[in-house]
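Note that the structure is a prediction, hence the values are computed from the model and not measured. Numbers here simply count residues along the sequence, with the first being 1.
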Amino acid sequence: MSQRPRFFRAVAWPLCLFALLVPAAVPVLPAQAQVAARPASLIVTAAQGRAEVQSAGGTWVPLQQTREVHTALRTGAGRVTLGRAGGQVTVGSASRLRVYRDEPDLQEGQFFFAGQGGLYALGWHLNVESGQLRADLLPGSPQPRVAVIAGRVRLSSGTRTVSLGPGEQLSLRTGRKSAFAETDPWYHAQFVGPGTATIEGLRGAVTYYSGEKGRGAAVGQVLGTGDRVSTGRGAWAEIGFAGGGYLRLTEESELGVLAVDKTARGREVTLRLLRGSAWNVVQKGQGGYRITTPVVSTAVRGTTFRVDAQGLVKVFEGQVELPSEPGISLTQGQEKAAGQAVRPLTLDALDRLNLALDQERAAPLRPQFTLPGTAARPWAQKALALQVTAPQGSEVQVALNGQNVRLTESAEGAFVLPAGLPVLPDGRHDVTLTVRRAAQVWQRRFPLVLDRTAPVLAALERRTAGRTVLLTGELNEGPGAGHGRVELRIEGAGAPQVRSLPPGPFRVLLPAPAFPGELRLTVRDAAGNESDVTLP
């Protein structure tokens with residue numbers, strides 16, 4: 001077989017670019033008896049979601065412009081079924097094939113073939129007498145394979161020929177033949193639409209990539225086909241999936257989303273762990289879940305497990321199949337490192353961290369917040385300040401007069417307003433505090449009074465009558481005052497006297513000092529503003 005053109009050696013990540021350019025649904029065009037130009041090698045018989053075909057000139061066009069595939073086809077989130085002679089091939093999401101010698105050449109992704117005929121896959125030619133097979137050629141998979149579900153298939157590569165029957169599979173990389181048992185028949189579940197993967201929590205430096213362009217990740221970011229997430233030192237990110245379940249990408253790790261599909265039987269998730277470690281909590285009854293690394297591939301339908309890019313797999317609940325290592329599956333309480341035998345599970349520091357974060361995620365959301373000020377009026381502040389204690393990875397934000405501001409995590413679970421916020425004028429402001437963690441939302445609304453002006457004493461008069469002193473005057477607050485009581489401290493009339501006064505005119509009786517002298521009056525409001533005056 002001749003060498004493939006360079007164009008078809010592209011990696012999986014450019015798939016994310018075309019997904020932005022094509023429509024969300026591909027209609028199935030009406031059948032045509034003949035094609036005027038030239039016979040089509042492959043005819044589209046069914047299509048859902050997003051797909052493109054390559055023209056003879058090399059450009060990619062949306063599938064709805066043609067139902068013939070002469071050169072190549074690629075999918076985003078969706079399914080396409082192609083027919084030729086006595087067989088048909090179903091192309092899964094994030095997959096790519098070309099037409100070679102008038103036969104489909106499967107290049108990357110997931111495929112299902114039914115009927116009879118010939119096709120190519122990674123340098124092998126497959127001749128299907130009559131039957132069904134699946135080809136799993138996920139990007140980065142250590143063991144791309146062809147597995148026979150029914151009938152017989154003859155595979156040839158160079159001078160080598162291998163025959164497979166039902167329940168057998170072949171590694172296209174090593175040529176090793178082994179037993180096969182179907183566990184995730186994605187091709188039988190009708191595609192409903194693209195599913196969602198969303199960042200539900202994060203801590204530290206987390207970067208989101210669409211193509212090669214990266215930016216700081218945020219809670220609520222939706223991840224599409226081809227998108228990636230990477231974490232820095234001491235950081236982590238939680239990614240939730242439609243229908244339930246989540247993945248926690250731990251520090252110094254990188255994950256790519258190959259596909260998240262909604263089907264009639266649940267959702268199908270296909271991920272690629274490029275480096276680091278991923279903690280996976282997959283809910284039962286929600287469909288298939290596959291994650292590959294450069295060393296190992298896993299397939300589950302409801303379990304809690306950890307997988308590292310170096311090939312370590314640990315199962316904490318349920319069962320995990322290892323398609324990359326035929327005949328091996330792990331059950332609860334087992335682990336397996338690359339190239340080693342299955343052994344009992346041993347917890348390490350990363351496992352304990354993930355278990356603790358799982359408990360925190362499952363607990364009811366009960367954040368605490370404090371505002372500087374007095375106990376009576378904590379909302380009266382000299383400068384805008386807010387401190388919130390919430391579970392790690394939470395998103396904390398405040399709405400100030402309708403403008404949203406995200407708080408930053410200054411320490412473990414401690415959130416504060418970022419520096420450099422615009423200066424708000426003195427006066428009353430409405431504040432809404434919102435805390436989000438996974439699927440939980442907590443919200444409180446309260447007033448905030450900014451007061452930077454000290455209260456002022458005016459019209460002061462002192463009168464002595466026998467053993468008492470009558471002190472009168474007027475207490476004025478600034479325009480941003482909270483209209484609460486103000487503390488008045490009087491020194492010079494024996495022991496210091498403290499009074500709590502409302503704004504406006506006031507009268508205070510004091511014991512006459514034994515040795516008359518100056519009185520020092522200090523007023524302080526709830527925001528901490530103060531002024532003083534000396535009265536002869």
Side-chain angles (χ1 to χ4, degrees), residues 1 40-47 69 73 75 79-93 95-138 141 143-191 263-265 268 270 288 290 297 299 301 321-329:
M1 180 175 138
S41 297
L42 296 172
I43 302 294
V44 177
T45 60
V69 181
L73 175 140
T75 60
R79 302 266 177 89
V80 175
T81 300
L82 305 170
R84 178 184 180 275
Q88 64 179 22
V89 58
T90 299
V91 185
S93 292
S95 300
R96 180 165 49 91
L97 62 76
R98 68 168 181 166
V99 179
Y100 178 72
R101 294 181 178 177
D102 289 336
E103 291 182 340
D105 182 9
L106 315 182
Q107 306 245 295
E108 186 174 84
Q110 292 185 297
F111 306 89
F112 174 74
F113 182 87
Q116 61 182 9
L119 62 156
Y120 293 88
L122 301 188
W124 291 79
H125 183 256
L126 287 65
N127 183 21
V128 185
E129 298 174 6
S130 180
Q132 299 177 356
L133 64 84
R134 62 180 290 170
D136 298 290
L137 317 177
L138 297 176
S141 173
Q143 294 293 343
R145 68 176 181 180
V146 167
V148 177
I149 300 164
R152 300 202 65 82
V153 179
R154 187 174 69 253
L155 298 92
S156 59
S157 177
T159 59
R160 182 172 184 182
T161 300
V162 179
S163 180
L164 297 179
E168 294 182 318
Q169 63 182 353
L170 183 75
S171 168
L172 300 181
R173 180 163 295 166
T174 65
R176 179 189 172 195
K177 182 177 174 180
S178 60
F180 163 76
E182 183 61 280
T183 58
D184 59 333
W186 60 269
Y187 42 85
H188 284 329
Q190 180 183 0
F191 179 84
T263 73
R265 297 170 57 178
E268 298 288 331
T270 308
R290 290 167 291 277
S297 58
R301 301 189 79 83
E321 302 290 336
L322 302 181
S324 55
E325 301 187 35
I328 296 180
S329 64

Fill in the blank from the handout: d(Lys177 NZ, Leu155 CG) to nearest 0.5 Å is 9.5 Å
Handout entry: Student check: side-chain heavy atoms of Arg96 and Leu73 closer than 4.5 Å
Key = no
Problem - Non-hydrogen atoms of Val80 and Val44 that approach each other most closely - result: CG1-CG1, 4.2 Å
Exercise for the section: Using modelled atom types only, decide if a donor and an acceptor are shared between the side chain of Ser130 and the backbone of Gln116 within a distance under 3.5 Å. Expected result: no
Exercise for the section: List the steps and the verdict of side chain to side chain contact (heavy atoms under 4.5 Å, CB included) for Val153 and Glu129. Expected result: CA-CA 6 Å; Val153 179; Glu129 298 174 6; over 6 Å; no
Exercise for the section: For Ser324 and Leu322, indicate whether the former's side chain and the latter's backbone hold a donor-acceptor pair under 3.5 Å. Expected result: no
Completion exercise
Between Gly87 and Phe113, the two heavy atoms sitting closest are CA-CZ, 3.9 Å
Practice task
Apply side chain to side chain contact (heavy atoms under 4.5 Å, CB included) to Arg154 and Val128, showing your working.
Solution key: CA-CA 7 Å; Arg154 187 174 69 253; Val128 185; over 6 Å; no
Practice task
Indicate yes or no: does Arg134 engage Asp184 in a salt bridge with an N to O separation below 4.0 Å.
Solution key: yes
Practice task
Report yes if some heavy atom in the side chain of Leu106 is under 4.5 Å from a heavy atom in the side chain of Leu122; otherwise report no.
Solution key: no
Fill in the blank from the handout: To the nearest 0.5 Å, atom CG of Asp105 lies from atom CH2 of Trp124 at 14.5 Å
Exercise for the section: Nearest 0.5 Å please: distance from the CZ atom of Arg290 over to the OG1 atom of Thr270. Expected result: 4.0 Å
Fill in the blank from the handout: Minimal heavy-atom distance between Ala121 and Leu137, with the atoms involved, is CB-CD1, 4.5 Å
Handout entry: Heavy-atom donor-acceptor pair, Ser297 side chain to Ser141 backbone, under 3.5 Å
Key = no
Handout entry: 4.5 Å side-chain heavy-atom contact, Val91 and Arg79
Key = no
Problem - Listed partners of Arg301 passing salt bridge (charged side-chain N to carboxylate O under 4.0 Å, His left out), at least two apart - result: Glu268
Practice task
Look only at the side chain of Arg84 and the backbone of Asp102, and say whether a donor-acceptor pair between them is shorter than 3.5 Å.
Solution key: yes
Practice task
Identify the two heavy atoms, one from Thr90 and one from Trp186, that lie closest to each other, and give their separation to 0.1 Å.
Solution key: O-CH2, 4.0 Å
Practice task
Flag yes if more than 12 heavy atoms outside Gln190 fall under 6.0 Å of its CD atom; otherwise flag no.
Solution key: no
Fill in the blank from the handout: Nearest heavy-atom approach of Ala189 to Arg265 is CB-CD, 3.7 Å
Handout entry: The single option from Asp136, Leu97, Leu82, Val146 passing side-chain contact (heavy atoms from CB on, under 4.5 Å) against Phe111
Key = Leu97
Donor-acceptor pairs are to be reported for all side-chain atoms of residues 158-172 against protein atoms at under 3.5 Å, with residues two or more places apart or in another chain.
{"from": "Arg160", "atom 1": "NH2", "to": "Gly175", "atom 2": "O", "distance (Å)": "2.8"}
{"from": "Ser163", "atom 1": "OG", "to": "Arg152", "atom 2": "NH2", "distance (Å)": "3.2"}
{"from": "Glu168", "atom 1": "OE1", "to": "Gly165", "atom 2": "N", "distance (Å)": "2.6"}
{"from": "Gln169", "atom 1": "OE1", "to": "Arg145", "atom 2": "NH1", "distance (Å)": "2.9"}
{"from": "Gln169", "atom 1": "NE2", "to": "Ser178", "atom 2": "OG", "distance (Å)": "3.2"}
{"from": "Gln169", "atom 1": "NE2", "to": "Ala179", "atom 2": "O", "distance (Å)": "3.2"}
{"from": "Ser171", "atom 1": "OG", "to": "Gln143", "atom 2": "OE1", "distance (Å)": "2.4"}
{"from": "Ser171", "atom 1": "OG", "to": "Arg173", "atom 2": "N", "distance (Å)": "3.4"}
{"from": "Ser171", "atom 1": "OG", "to": "Thr174", "atom 2": "N", "distance (Å)": "3.3"}
{"from": "Ser171", "atom 1": "OG", "to": "Thr174", "atom 2": "OG1", "distance (Å)": "3.1"}

Problem - Inter-residue atom distance Glu103.CD - Leu126.CG, 0.5 Å rounding - result: 9.5 Å
Practice task
Quick one: pull up OH in Tyr120 and OG in Ser156 and give me the separation to the nearest 0.5 Å.
Solution key: 8.0 Å
Practice task
Assign the ring pair Phe112 / Tyr187 to parallel, tilted or perpendicular, where the plane angle (0 to 90°) is split at 30° and 60°.
Solution key: parallel
Handout entry: Closest non-hydrogen atom pair, Gly92 against Thr75
Key = O-OG1, 2.7 Å
